[in-house]
Amino acid sequence: GYDEEVRAAAARVQRYFSSAGQHHHQDEEQDLFPALARLSPRLADRIHHLHAEHTELNTLWEVLEPQLRDPDAIEDATAFAALAVRYAETQREHVRQEDEGLLKEAQQLFSVEQLRALGQSMAARRGITTA
């Protein structure tokens, strides 16, 4: 078994990646990627690569999430730790590629109005209304 501190940490990670993490991928898949592809076809390969990483991350998350939801059910702590490390490293590299590559391009391609529209769509996905 795990102590309450471990259970609480697992619950925080599970909540974050089940909500904010999923919204982040949806923001990109539904709003950012299509808009960038329309503005700059030369980004198609990069967008395709990031989309493939979303698929990989989602597949890893489908295995990791139930274990974080119920840490006491983890039967093989070594396998769980390896999966968690793989997920974290994949996520870290994915975010780095977004931040250092795609988002820098996006800042130069989108107008203020386009950025506002993207932000409103992303906020609406979270149930937030913007003015």
Side-chain angles (χ1 to χ4, degrees):
Y2 297 97
D3 65 22
E4 194 52 41
E5 186 176 340
V6 169
R7 284 188 201 90
R12 285 191 302 274
V13 170
Q14 186 273 335
R15 267 193 313 275
Y16 177 81
F17 284 102
S18 290
S19 60
Q22 294 306 307
H23 282 140
H24 176 82
H25 287 183
Q26 292 167 352
D27 290 343
E28 292 172 342
E29 296 288 338
Q30 296 174 21
D31 295 312
L32 183 62
F33 292 171
L36 279 172
R38 284 190 299 276
L39 289 174
S40 181
R42 69 183 171 78
L43 294 176
D45 285 343
R46 191 174 308 165
I47 290 168
H48 177 75
H49 176 75
L50 291 169
H51 173 72
E53 286 182 344
H54 284 174
T55 301
E56 178 183 4
L57 285 164
N58 289 338
T59 299
L60 292 170
W61 185 245
E62 287 174 5
V63 177
L64 189 58
E65 190 273 339
Q67 296 178 69
L68 287 166
R69 194 173 348 105
D70 184 11
D72 290 320
I74 296 171
E75 294 179 11
D76 184 344
T78 302
F80 171 79
L83 178 64
V85 166
R86 181 172 169 208
Y87 182 83
E89 289 174 349
T90 302
Q91 186 77 298
R92 189 175 301 116
E93 177 59 20
H94 178 76
V95 170
R96 186 192 66 74
Q97 288 180 38
E98 289 174 344
D99 289 349
E100 294 177 6
L102 198 67
L103 295 180
K104 288 186 183 206
E105 296 260 1
Q107 288 174 334
Q108 297 184 7
L109 291 171
F110 289 126
S111 68
V112 171
E113 294 80 20
Q114 289 168 316
L115 288 172
R116 186 175 295 118
L118 285 171
Q120 288 173 339
S121 179
M122 293 173 185
R125 185 171 295 111
R126 291 160 177 78
I128 301 169
T129 56
T130 61

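Note that this is a predicted model, so its numbers are computed, not measured. Only heavy atoms go into these numbers, but all of them, side chains included; no hydrogens, no water, no symmetry mates.
- The aromatic rings of F17 and W61 sit tilted, their planes meeting at an angle between 30° and 60°.
- Shortest non-hydrogen contact noted between L39 and L109 is CD1-O, 3.9 Å.
- In this structure, L60 is not a member of the same hydrophobic cluster as L50, with clusters built from ILVMFWY side-chain heavy atoms closer than 4.5 Å.
- Here I47 contributes atom CD1 and E29 contributes atom CD; the two are 10.0 Å apart, rounded to the nearest 0.5 Å.
- The two residues P71 and L68 have their closest heavy-atom pair at CD-O, 3.4 Å.
- Atom CD of Q97 and atom CG of L102 lie 10.0 Å apart (nearest 0.5 Å).
- Put simply, the side chain of L57 reaches to within 4.5 Å of the side chain of H94, judged on heavy atoms.
- Taking both residues in full, the closest heavy atoms of F33 and H51 are given as CE1-N, 4.1 Å, listed atom of the first, atom of the second, then distance.
- The CE atom of M122 lies 9.0 Å from the CG atom of L115; values are rounded to the nearest 0.5 Å.
- Within a 6.0 Å radius of CG in D99, more than 12 heavy atoms belonging to other residues, nucleotides or ligands are found.
- Within the 4.5 Å cutoff, the side chain of N58 has heavy atoms near those of the Q22 side chain.
- Between the side chain of H23 and the backbone N or O of S19 there is at least one donor-acceptor pair closer than 3.5 Å.
- Within 6.0 Å of CD on E4 lie more than 12 heavy atoms contributed by other residues, nucleotides or ligands.
- Side chains of D27 and L32 form no contact here, defined as non-hydrogen atoms less than 4.5 Å apart.
- Grouping the Ile, Leu, Val, Met, Phe, Trp and Tyr side chains by contacts below 4.5 angstrom, directly or via other members, places L36 apart from V95.
- A salt bridge links E93 to R96: at least one charged side-chain nitrogen sits closer than 4.0 Å to a carboxylate oxygen.
- For the pair E89 and R92, the minimum side-chain heavy-atom distance is below 4.5 Å.
- Separation of atoms CD (E56) and CD (Q91) is listed at 10.5 Å; rounding is to 0.5 Å.
- At least one side-chain heavy atom of E105 sits under 4.5 Å from a side-chain heavy atom of R42.
- Across E65 and S18, no two heavy atoms sit closer than the pair CG-OG, 3.6 Å.
- Minimum heavy-atom separation, Q67 to L83: NE2-CD2, 3.9 Å.
- Across every non-hydrogen atom of E28 and H24, the tightest pair is OE2-NE2, 2.9 Å.
- Judged by distance alone, with hydrogens and angles left aside, the side-chain atoms of T59 form a donor-acceptor pair with the main-chain N or O of T55 at under 3.5 Å.
- Looking at R7, its side chain does come within 3.5 Å of a backbone N or O of Y2 through a donor-acceptor pair.
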Take L64 and R86 through the test side chain to side chain contact (heavy atoms under 4.5 Å, CB included) and record every step on the way to the result. CA-CA 10 Å; L64 189 58; R86 181 172 169 208; over 6 Å; no

